[in-house]
Amino acid sequence: MRQANGNARVGLFQSGGLSALAVGVWLHERSTPTRHYIADIGQSERAEMDALASSLRRSGDDVVVIDLRSSIAAVASDLLRYRARHDGGYWNTTGAARFVLVSELTPRMRADGCRTFTHGCVGGGNDQRRFARYGAQVAPELSLIEPWTDPQALERFPDREAMLAAVAEHGLHLDPGSGAGRSTDANLAGISHESAELEDLETPVTRLQPRWSNWPGQSPAEPETVTVTFLDGRVADVNGSGPDPVEWMTLANEIGARHGIWLRDVVERRIIGTVCRGIYEAPGLELLERAWTRILQASLDAAGRELYDRLAAVLGAAMYEARWLEPAAHAARDGIDRLVGEVGGSVTLSVHRGLVQVERMKAAGPVVQQTRFGSGGNRWS
């Protein structure tokens, strides 16, 4: 672990979750000069982030709010294009957020005079390693504080109950998905849910209260039609959204969440070799993946599709393990870019109570399609 240099200014990735707020309290109590960087990555309404910033400023802290929705939307587009998923089809939305945060915010921290950065991620977890790995690649000149491996921080905050008491005492605005017994991590691409109850593999997933989404039985009685257009291997439009990834990702999330298209309940292999249950909402990516799969089926030959799937597995692991910037990931993206760089078309989906069906599609390029009954029924052509 790289350590902080003396009393150098610290840049804190401030999510508004309980752990990150407790880190801010700890640094404040130690009179460590700190700037809180609140990134808008589509995790909640802007009013929530403004309330968080205001509460920190009232407490005497230095705060900046930065809009990174375009950056997280661009990475969400990559997750779909490369099908960069982990165990059980998990869309790697948390790992993608760590990549965006470090890539976008550490240069700003450096320009603001920070010599050190820190975060609120749990000691021994995936995200601790993601921040460290990307930090070493993107901003090697910055030192790193990992609070929940520091004995003094652990003595001050031995558990989340102590964190919650301190956050309340300082009057800080806590993310509604975070508390002593549970935690959520959200961005435009999706949401993760964690709690002691959900970690137990005997707990039914229906115990979860989704943050964005309906359960299928709560969704509208009538189906909804969605048309997704692809150009050069990327989403170009969702029901008239236009090509801006923030717009089409937002709309896809709304549709998928409304109709109960969102859930991944998986037991995932973690970076350190253990397994842990993960429950995720990714309504937009789950919806768009159905359309993208149909485009791939019509556009790639057998050898191309086999290679695509192999490279996608490499990229799913790379995003999960914070190796997105390493040579193997660059090579895998280059390979998929060659396969799907000119792929396009439109797919119309019917969405209804947790189910997505393809109604029709139109490929932009030539499709070598074989028919039988279109040729009289007694021969293939």
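Computed over heavy atoms, backbone and side chain alike; hydrogens, waters and symmetry mates excluded. No experiment lies behind these values; they were computed from the predicted model shown.
- Shortest non-hydrogen contact noted between Leu339 and Leu300 is O-CD2, 3.5 Å.
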Open item on the list: salt bridge (Lys or Arg N to Asp or Glu O under 4.0 Å) for Asp265 and Arg277? Distances and angles first, verdict last.
Closed with: CA-CA 7 Å; Asp265 176 11; Arg277 186 187 198 178; 3.0 Å; yes
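- Each of Trp212, Trp91, Trp215 was evaluated against Trp262; a single residue qualifies, Trp215, per the ring-ring contact (aromatic ring centres under 6.0 Å, His included) test.
- A side-chain donor from one of Asn126 and Tyr320 sits under 3.5 Å from a side-chain acceptor of the other.
- Looking at Glu224 and His352, their side chains never bring a donor and an acceptor atom within 3.5 Å of each other.
- Listed by first and then second residue, the ring-ring contact (aromatic ring centres under 6.0 Å, His included) pairs that reach into residues 153-200 come to none, sequence neighbours excluded.
- Using a 4.5 Å cut-off on side-chain heavy atoms (C-beta onward), Trp248 and Asn253 make no contact.
- Nearest heavy atom pair, residue Pro223 against residue Ser350, reads CB-OG, 3.8 Å.
- The minimum heavy-atom distance linking Phe230 with Ala291 is given by the pair CE1-CB, 3.8 Å.
- Counting heavy atoms from C-beta outward, Gln128 and Thr149 have side chains that approach closer than 4.5 Å.
- Residues Met249 and Phe99 are members of one and the same hydrophobic cluster, defined by side-chain heavy-atom contacts under 4.5 angstrom among Ile, Leu, Val, Met, Phe, Trp and Tyr.
- A distance of 9.5 Å separates CD1 of Ile145 from CG of Leu12, quoted to the nearest 0.5 Å.
- For the residue pair Glu197 and Thr203, no side-chain donor N or O sits within less than 3.5 Å of a side-chain acceptor on the partner.
- Nearest heavy atom pair, residue Leu164 against residue Ala180, reads CD2-CB, 3.9 Å.
- At a threshold of 4.5 Å between non-hydrogen side-chain atoms, the residues Arg133 and Glu326 count as touching.
- Side-chain N/O atoms of Asp127 and His119 include no donor and acceptor closer than 3.5 Å.
- When all heavy atoms are compared, the tightest approach of Met319 to Trp324 is CE-CD2, 3.5 Å.
- In terms of heavy atoms, Ile191 sits closest to Ala186 at CG1-CB, 3.7 Å.
- No path of Ile, Leu, Val, Met, Phe, Trp and Tyr side chains, each step under 4.5 Å between heavy atoms, connects Ile261 with Leu263, placing them in separate hydrophobic clusters.
- Residues Gln152 and Pro147 have side chains not in contact (no heavy-atom distance under 4.5 Å, counting atoms from C-beta outward).
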Check the pair Arg264, Glu286 against salt bridge (Lys or Arg N to Asp or Glu O under 4.0 Å), reporting the backbone distance first and the verdict last.
CA-CA 9 Å; Arg264 290 284 171 170; Glu286 289 291 330; 2.7 Å; yes
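- Side-chain atoms of Trp380 and Ser375 include no donor-acceptor pair closer than 3.5 Å.
- Put simply, Tyr82 and Val314 are part of two different groups of oily side chains (I, L, V, M, F, W, Y) that touch within less than 4.5 Å, one to the next.
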